[in-house]
Amino acid sequence: VCQPVGSSMNANAGPDGADGPAGPDDDGKAKLKRKCVDYHTPSVLHLSRRTFVPSNRPLLSKMDAPAIHPHSAYIRFMGLPVENAGSGSSTGISSTGYGAAPGPSEVYTTQVCHVTRAKNSSPVMCLSWTPGGRRLLTGNQDGEFTLWDGTHFTFELILSAHTSSFRSMVWSHNNNYLLTGDGGGNIKYWSPSIAPVESLDAHGGNPVHALSFAPSDTKFVSCGDDSTVRVWDFERRTEERVLEGHGWDVKTVAWHPRSSVIASGSKDNLAKLWDPRTGDCLCTLYGHKNTVTKVAWNDNGNWLLTASRDQMIKLYDIRAMRELATLKGHNKEVTSLAWHPLHESCFASGGMDGTLLFWEVGPKGSEEPAARVPFAHDMAIWDMKWHPAGHLLATGSNDRQTKFWARSRPGSSGGADRDPDDDEEGERECLTDEMELGNHVGIVIGRRGATIISMQRATGTKMHVDQVRRVLEIEGTRRQIETVKRRVGALLDRVSNDSEQRQRDAMGGGPGGFGH
């Protein structure tokens, strides 16, 4: 039985999507359950609808689309995001002739379907789906490639690629080559089979923070900590032009999807638009008050997103060269952005505190996040990429984990910040509080932070130990803070009781306190 997109299942899943019993195999051993996201069923639905629904009446065909009700019985009606992409566009007409009403809201991937972490792992700095979306490729701080299966999320390969930390990776538009950049100013060419092709040094040994291909794939652009943006000839492996104008490290760069325009963001709080043919600066955007960490072009070629350490995301329309919206939803620096590959008005963003937000912009959009996953990661989300089909989102974080996010089942909020039990006003408000630890600071932190990290994941809070003041700082809702205090209090009581018992045993000359 095939399972629709966005729901987690294993090899023994029943028709309703629930995990079936893991019966023994021929040797009497229990079968291994492994979750996967199977998009074959919605693919078949999409192909059949595209074939049998008349495309000459696209607006009327919307009336025949099944409404998705909040019940698990409607999982079988969930199609691929490509079916509904037209309903979220500016035209409102689906290119397939079959458009469902919900539109972009169906692509908010708030349900974590798998968490991966390689052995002896290090922070995940960048990631990218392979052409076709069959596998996910990640680059870590040790300069290693890690390859994961995109359906069953199994580990496939680990390969040493760079001598220093990964900083960026990007596929060419024709999917024939992969470019990677590291913290030592080295740029490498790779074939689709992840075989090295060419290597070149750039930016004077400074980190290469971002790479981007021209629409024709004959050129690419890079940026680094030498305050420059450099244009390269892909075939000849030579530097063509140096774009100078930023006053500090350039953190991000992106080539326009169809034109000769390059956008860059720098530590000097500025975003600039460049003409790569002449090297001139076309425009400077002064919208941010801190480092511009990411820039991202929409595929429509008209919208430009900029993210910054001032906790804001700004949307610009380059046709009129004006700001369309200022999006405020993050409580820390914004570290990653990714437009949805099919819905032009939908994108995701990640923050320094591990928060994952989904936005809907444009004529029907809002300046408030459409969906929020407050504790998606324990640390900063350095990179995120959508699956080409739009049904999965992969995120890589400083907490050394790569997570796969899928759509929730109908009627389920998934990991979104929405609790039906929180009816009181202010119940979901994010609060901060402190708890005295005394001499038990090391107990709460645990070995290599294992105790505090596990407690953060269990309670959904952000926790930090101030070792100078010997207090535990807690960030979360009122109910979450109460849960943390109760658990930490129980832990400290248990430690104190064990310490007193050992003192009594030592004074009594042996472990007589337990047996007498």
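In this chain, numbering begins with 1 at the start of the sequence shown.
- Here the CD atom belonging to Glu473 is positioned 5.0 Å from the NE2 atom belonging to His464, to the nearest 0.5 angstrom.
- Using modelled atom types, no side-chain atom of Asp317 and backbone atom of Glu323 make a donor-acceptor pair closer than 3.5 Å.
- Between Ile194 and Leu159 the shortest side-chain heavy-atom distance falls below 4.5 Å.
- Judged purely by distance below 3.5 Å, without hydrogens or angles, the side chains of Thr291 and Thr293 never pair a donor atom with an acceptor atom.
- The closest side-chain donor-acceptor pair between Ser345 and Glu360 falls under 3.5 angstrom.
- Residues Leu392 and Ala406 come closest through the heavy atom pair CD2-CB, 3.8 Å.
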| Worked check of salt bridge (charged side-chain N to carboxylate O under 4.0 Å, His left out) between Glu198 and Lys188 | CA-CA 6 Å; Glu198 187 68 38; Lys188 287 190 175 182; over 6 Å; no

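- Partner of His162 under the side chain to side chain contact (heavy atoms under 4.5 Å, CB included) criterion, out of Asn140, Asn186, Ile187: Asn186 alone.
- Counting only heavy atoms from C-beta outward, the side chains of Asp225 and Lys251 approach each other to under 4.5 Å.
- In this structure, the side chain of His256 engages the main chain of Gly301 through a donor-acceptor pair within 3.5 Å.
- Pro374 and Arg372 get closest at one heavy-atom pair: CD-O, 3.7 Å.
- Judged purely by atom type and a 3.5 angstrom limit, Lys462 uses its side chain to pair as donor or acceptor with the backbone of Asp353.
- Under a 3.5 Å cut-off, the side chain of Gln141 and the backbone N or O of Pro123 do not form any donor-acceptor pair.
- Between His246 and Asp268 the shortest side-chain heavy-atom distance falls below 4.5 Å.
- In this structure, Tyr177 has its ring center at least 6.0 angstrom away from the ring center of Phe213.
- Counting only N and O atoms by type, the side chains of Thr326 and Lys314 include a donor and acceptor under 3.5 Å apart.
- A cation-pi arrangement is present between Arg237 and Tyr189 under the rule of less than 6.0 angstrom and at most 45 degrees off the ring axis.
- A side-chain donor-acceptor contact under 3.5 Å links Arg241 to the backbone of Pro276.
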| task | Applying side chain to side chain contact (heavy atoms under 4.5 Å, CB included), run through Phe347 and Ile313 and close with a yes or a no. | result | CA-CA 11 Å; Phe347 73 93; Ile313 302 172; 4.1 Å; yes

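- Aromatic pair Trp255/Phe220: centroids not less than 6.0 angstrom apart.
- Contact detail for Thr461 and Gly476: the closest heavy-atom pair is CG2-CA, 4.5 Å.
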| Between Leu136 and Thr116, does a side chain to side chain contact (heavy atoms under 4.5 Å, CB included) hold up when you go through it step by step? | CA-CA 11 Å; Leu136 180 74; Thr116 62; over 6 Å; no

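- Distance CG/Asp299 to CH2/Trp339: 10.5 Å, rounded to 0.5 Å.
- Using a 3.5 Å distance cut-off with no hydrogens or angles, the side chains of Trp405 and Thr110 do not pair a donor with an acceptor.
- In this structure, His203 contributes its side chain and Asn206 its backbone to no donor-acceptor pair below 3.5 Å.
- For the pair Phe358/Thr109, a side-chain contact is recorded, criterion being any heavy-atom separation below 4.5 Å from C-beta on.
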| task | With side chain to side chain contact (heavy atoms under 4.5 Å, CB included) as the test, would you mind laying out the steps for Trp232 and Thr238 before giving the verdict? | result | CA-CA 6 Å; Trp232 304 80; Thr238 57; 5.9 Å; no

| request: Please test Asp275 against Thr278 for side chain to side chain contact (heavy atoms under 4.5 Å, CB included), starting from the C-alpha separation and ending with a verdict. | output: CA-CA 6 Å; Asp275 185 346; Thr278 63; 3.6 Å; yes

| ring-ring contact (aromatic ring centres under 6.0 Å, His included) between Phe153 and Trp148: does it pass, once the steps are laid out? | CA-CA 6 Å; Phe153 315 118; Trp148 304 94; 9.6 Å; no

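- Closest non-hydrogen pair, Ser168 versus Ala210, comes out as CB-CA, 3.8 Å.
- Counting heavy atoms from C-beta outward, Ile452 and Val465 have side chains that approach closer than 4.5 Å.
- Val295 approaches Gly265 most closely through the heavy-atom pair CG1-N, 4.3 Å.
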| request: Quick one: do Arg135 and Glu156 satisfy salt bridge (charged side-chain N to carboxylate O under 4.0 Å, His left out)? Show the steps, please. | output: CA-CA 9 Å; Arg135 295 173 179 85; Glu156 291 194 358; 2.6 Å; yes

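- For Glu367 and Lys328, the salt-bridge test fails: no basic side-chain N is under 4.0 Å from an acidic carboxylate O.
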| task | Mind running salt bridge (charged side-chain N to carboxylate O under 4.0 Å, His left out) on Arg134 and Asp149 for me, showing each step along the way? | result | CA-CA 7 Å; Arg134 295 291 296 273; Asp149 184 271; over 6 Å; no

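- Summarising the geometry, atom CG belonging to Leu137 is positioned 7.0 Å from atom OG belonging to Ser128; distances are rounded to the nearest 0.5 Å.
- With hydrogens and angles ignored, the 3.5 Å screen pairs a side-chain donor or acceptor of Arg258 with a backbone N or O of Asn300.
- His330 and Thr355 share no donor-acceptor pair across their side chains, judged by distance under 3.5 Å alone.
- Two residues are said to be in side-chain contact when any heavy atoms from C-beta on lie closer than 4.5 Å; Cys126 and Thr138 fail this criterion.
- Note: Tyr108 OH to Leu393 CG = 13.0 Å, rounded to the nearest 0.5 Å.
- Atom OG1 of Thr180 is separated from atom CG of Leu211 by 7.5 Å, given to the nearest 0.5 angstrom.
- A side-chain donor-acceptor contact under 3.5 Å links Ser397 to the backbone of Ala380.
- With contacts defined as side-chain heavy-atom distances shorter than 4.5 Å, the pair Glu475/Phe375 does not qualify.
- In the model, Asp280 has no side-chain atom that pairs as donor or acceptor with a side-chain atom of Trp274 under 3.5 Å.
- Looking at heavy atoms from C-beta onward, Thr146 lies out of side-chain contact with Leu127 at the 4.5 angstrom threshold.
- Asp142 contributes atom CG, which lies 10.5 Å from atom OG of Ser164 (distance to the nearest 0.5 angstrom).
- Counting only N and O atoms by type, the side chains of Thr477 and Arg479 include no donor and acceptor under 3.5 Å apart.
- Checked by atom type and distance alone, the side chain of Ser266 pairs as donor or acceptor with a backbone atom of Asp249 at under 3.5 Å.
- Side chain of Thr335 to main chain of Gly350: a donor-acceptor pair is present (N/O by atom type, distance under 3.5 Å, no hydrogens or angles).
- The two residues Glu240 and Asp233 have their closest heavy-atom pair at OE2-OD2, 3.5 Å.
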